[in-house]
Amino acid sequence: LLAGVVGPSFVVRTTRDGVFELSWLQFDLSSWRMLRGTLDGQAAMHTDMTSQENGQFHHELWINSGQALRYMNVPVSAMSEFVVAARVHPAWAPVPPMQFQVVATGSAGGRLLATVAVPTGASSEWQMLTLDLQTLSGQHADIEIRPLSPVSGTWTLWRDPAIQITKSSR
């Protein structure tokens with residue numbers, strides 16, 4: 001079972017002294033290959049970008065508003081949550097009305113949703129999205145990320161998509 005979840009890569013957060021911090025584990029989805037994109041007649045999205053900030057490397061995705069990216073067949077446990085950071089690309093100033101959305105659909109049909117609204121004219125700062133997947137435990141889920149805006153083609157960046165495993169179920 002663990003091998004099916006570990007597929008992309010496995011990260012254990014550590015404390016500064018190098019001792020494992022067992023409060024949570026994280027499975028990086030940046031190399032997940034079961035993807036489906038919805039382009040909505042726009043330019044191709046980019047799923048293989050990297051960046052470095054404050055000495056830390058990040059995996060980033062470029063998705064325009066009107067597009068969506070779906071991670072398909074992701075295994076879910078009772079202690080799983082999906083995490084990702086998103087922002088409007090800094091080239092867009094002022095920031096148009098924007099919502100970042102994550103939708104998870106379980107293999108048994110359950111559907112979960114998380115949305116973060118970005119105020120019009122706000123700065124282009126990273127917004128964290130977290131979606132608790134506990135109710136889809138024991139299933140495989142399709143997890144879709146999408147920027148929603150009335151301004152078609154608004155550039156957005158998504159950073160470090162992952163399944164985070166907490167130490168105990170909530």
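Computed from a predicted structure; not experimentally measured.
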Quiz item: Val103 and Thr105: side chain to side chain contact (heavy atoms under 4.5 Å, CB included), yes or no, with the steps?
Solution: CA-CA 7 Å; Val103 179; Thr105 306; 4.2 Å; yes
Quiz item: Hey, is the main chain of Asn64 close enough, under 3.5 Å, to the side chain of Gln67 for a donor-acceptor pair?
Solution: yes
Exercise. Name the orientation class of the two ring planes belonging to His89 and Trp155 (parallel below 30°, tilted from 30 to 60°, perpendicular beyond 60°).
Key: perpendicular
Quiz item: Of the non-hydrogen atoms in Ser137 and Ala78, which two are nearest, and what is the gap between them?
Solution: OG-N, 3.1 Å
Quiz item: Between Val116 and Gln99, does a side chain to side chain contact (heavy atoms under 4.5 Å, CB included) hold up when you go through it step by step?
Solution: CA-CA 6 Å; Val116 171; Gln99 289 185 349; over 6 Å; no
Quiz prompt | Side chains of Met49 and Leu157 in contact at under 4.5 Å (non-hydrogen atoms) | solution = yes
Self-check item: Which atom of Ala141 lies closest to which atom of Val76, heavy atoms considered
Solution: CB-CG2, 3.8 Å
Self-check item: Minimum-distance pair of heavy atoms, taken over all atoms of Arg146 and Ala68
Solution: CB-CB, 3.8 Å
Practice problem: Indicate the atoms forming the closest heavy-atom contact of Thr47 with Leu69, along with that distance. | Solution: CG2-CD2, 4.0 Å
Quiz item: Can you tell if the side chain of Phe57 reaches within under 4.5 Å of the side chain of Ser51, non-hydrogen atoms only?
Solution: no
Exercise. Using a 4.5 Å cut-off on heavy atoms from C-beta on, say whether the side chain of Ser65 contacts that of Thr156.
Key: no
Self-check item: Gln101 vs Leu113, side chain to side chain contact (heavy atoms under 4.5 Å, CB included): CA-CA, chis, key distance, verdict
Solution: CA-CA 7 Å; Gln101 192 171 80; Leu113 171 71; 3.3 Å; yes
Quiz item: If only atom types and distance count, is the side chain of Asp142 paired as donor or acceptor with the main-chain N or O of Gly106 below 3.5 Å?
Solution: no
Quiz prompt | Single-linkage hydrophobic cluster Leu131~Leu129, side-chain heavy atoms < 4.5 angstrom | solution = yes
Quiz prompt | Side chain proximity check, Leu133 to Ile163, heavy atoms < 4.5 angstrom | solution = yes
Quiz item: If you group Ile, Leu, Val, Met, Phe, Trp and Tyr by side-chain heavy-atom gaps below 4.5 Å, do Tyr71 and Met34 land in one group?
Solution: yes
Exercise. Of all the heavy-atom pairs spanning Ser149 and Met98, show the shortest one and how long it is.
Key: CB-CE, 3.6 Å
Exercise. Could you tell me whether the side chain of Leu29 reaches within less than 4.5 Å of the side chain of Phe82, counting heavy atoms only?
Key: yes
Quiz item: Is it true that Trp62 and Ile145 fall in one hydrophobic cluster, defined by side-chain heavy atoms closer than 4.5 Å?
Solution: yes
Quiz item: Among pairs that include at least one residue of residues 54-75, which meet salt bridge (Lys or Arg N to Asp or Glu O under 4.0 Å), considering only residues two or more places apart or in two chains?
Solution: Glu60-Arg159, Arg70-Glu144
Quiz item: Would you say the side-chain atoms of Trp158 and Asp160 include a donor-acceptor pair closer than 3.5 Å?
Solution: no
Quiz prompt | Min side-chain heavy-atom separation Phe100-Val118 under 4.5 Å | solution = yes
Quiz item: Is there a donor-acceptor pair under 3.5 Å between the side chain of Glu81 and the backbone N or O of Gln164?
Solution: no
Exercise. For residues Thr50 and His58, determine if any side-chain heavy atom of one lies less than 4.5 Å from a side-chain heavy atom of the other.
Key: no
Quiz item: Can you find a pair of side-chain heavy atoms, one from Leu112 and one from Asp132, that are under 4.5 Å apart?
Solution: no
Quiz item: Would Leu148 end up clustered with Ile143 when hydrophobic side chains under 4.5 Å apart are linked, directly or stepwise?
Solution: no
